[in-house]
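First listed ligand is number 1; within each ligand, the first listed atom is number 1.
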Amino acid sequence: MSSVLEKIQACVQAVRQVTGFAPESAVVLGSGLGGFAERIQVEAQVPYASLPGFPVSTVAGHAGRFLFGYVEGKPVAVMQGRVHYYEGYSMEQVVLPIRVLRALGARELLLTNAAGGVGPGLAPGCLMLLTGHIASFVPSPLIGPNEEALGPRFPDMSEVYDHSLRERAKAAAAELGIELKEGVYLQTTGPNYETPEEIKLYRLLGADAVGMSTACEAMAARHMGMNVCGISVVTNLAAGLGGKPLSHEEVQEVADRVGGQFQELVWRYLARGGCA
Ligand code: HPA
């Protein structure tokens with residue numbers, strides 16, 4: 001058996017020693033969404049550190065665990081914390097959690113993140129539904145021997161963000177009276193923020209928001225045939241657009257400020273699961 005499949009299986013076995021919970025969908029909580037975990041009816045929790053070979057965030061104080069539980073009766077797996085390529089993990093390691101979630105049963109995936117606003121109208125505090133992504137500036141997580149058991153060698157990426165899940169997100173936002181913008185997400189490696197010149201380039205290429213996660217996870221999920229949805233919270237104007245230096249503190253502060261609304265949206269979206 002290949003090492004990727006072995007790694008997935010070792011993690012699944014470790015989770016199965018704690019819980020037999022079978023999630024239908026999974027959600028990765030980005031910045032500002034940590035509090036979402038408190039709302040779900042938790043059946044089991046599994047710290048990432050207890051899983052063999054599982055990537056653990058190098059950022060001090062970051063909760064890293066799976067929560068398994070129910071959102072209005074819908075069985076979901078929640079990732080509280082994720083790792084990023086800039087931490088020094090390989091792309092294969094970065095997407096291992098997504099592969100484990102699929103192996104645990106999840107067929108749908110909601111990816112959330114904080115991002116810088118590049119496109120017009122994407123001001124700090126906006127929520128943006130991903131219509132597509134540009135991942136050309138990061139290595140593909142699918143590089144390496146292909147696991148046919150996971151998916152094909154040359155997977156199609158013409159609709160990474162599933163149309164019916166996008167409709168579900170829009171319906172959830174409408175129900176809550178929350179404005180949900182739409183746009184294209186561009187992933188960079190980070191950890192540095194971009195230069196104003198890079199942001200001009202990304203705008204020319206069609207990016208509406210820029211961030212350091214998500215597209216690679218979405219690709220790994222699509223490889224396995226999962227249906228994917230993505231939502232960004234715009235925490236700042238991208239470099240050169242706001243006339244001031246960017247800081248992690250500002251990103252965190254805005255993510256926390258919008259977190260309540262973002263949580264409501266994610267909750268309603270998950271609660272509507274199965275009726276898209
Ligand atoms: N650039 C990259 N990643 C980010 C940004 C940004 O401006 N804001 C939040 N995450």
Side-chain angles (χ1 to χ4, degrees), residues 27-36 57-64 79-89 91 94-95 110-139 141 161 180-219 230-263 265-266:
V27 50
V28 180
L29 301 179
S31 303
L33 276 181
F36 182 80
S57 175
T58 56
V59 184
H62 266 218
M79 279 185 67
Q80 207 179 10
R82 59 147 71 88
V83 296
H84 299 83
Y85 184 60
Y86 63 72
E87 293 179 74
Y89 289 110
M91 274 298 187
V94 170
V95 303
L110 173 64
L111 297 166
T112 68
N113 61 56
V118 179
L122 288 163
C126 290
L127 296 175
M128 186 189 95
L129 182 64
L130 275 60
T131 56
H133 75 221
I134 297 171
S136 316
F137 297 95
V138 293
Y161 302 91
L180 186 58
K181 311 245 180 183
E182 293 181 77
V184 174
Y185 178 92
L186 184 145
Q187 182 174 359
T188 65
T189 63
N192 53 284
Y193 293 114
E194 302 71 32
T195 63
E197 294 74 21
E198 286 164 338
I199 292 301
K200 275 187 200 150
L201 170 68
Y202 298 161
R203 179 69 205 131
L204 281 174
L205 294 178
D208 295 296
V210 61
M212 304 174 194
S213 65
T214 300
C216 57
E217 297 159 335
M219 283 191 282
I231 306 175
S232 296
V233 55
V234 176
T235 50
N236 56 284
L237 292 175
L241 302 180
K244 61 177 169 127
L246 305 189
S247 76
H248 181 60
E249 288 66 37
E250 179 197 2
V251 166
Q252 209 74 54
E253 196 262 312
V254 177
D256 290 342
R257 179 157 55 76
V258 189
Q261 206 186 37
F262 201 179
Q263 275 180 41
L265 177 59
V266 171

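Residues Ser232 and Thr112 are not in side-chain contact: their nearest non-hydrogen atoms beyond the backbone lie 4.5 Å or more apart. The closest side-chain heavy-atom distance from Tyr86 to Asn192 is not below 4.5 Å.
Not a single salt bridge (Lys or Arg N to Asp or Glu O under 4.0 Å) links Glu87 to another residue, sequence neighbours left out. Scored by the ring pair (Phe, Tyr, Trp, His ring centres under 6.0 Å) test, Phe262 finds no partners at all (sequence neighbours excluded).
Using cut-offs of 30° and 60° on the angle between ring planes, the pair Tyr161 and His133 is perpendicular.
Residues in residues 206-219 take part in these salt bridge (charged side-chain N to carboxylate O under 4.0 Å, His left out) pairs, two or more places apart or across chains: Arg82-Glu217, Arg203-Asp208.
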Dump all N/O pairs between ligand 1 and the protein below 3.5 Å as a table: atom names plus distance, one pair per row.
from	atom 1	to	atom 2	distance (Å)
ligand 1	1 (N)	Glu194	OE1	2.9
ligand 1	1 (N)	Glu194	OE2	3.3
ligand 1	7 (O)	Asn236	ND2	2.9
ligand 1	8 (N)	Gly116	N	3.3
ligand 1	8 (N)	Asn236	OD1	2.7
ligand 1	10 (N)	Ala114	O	3.4

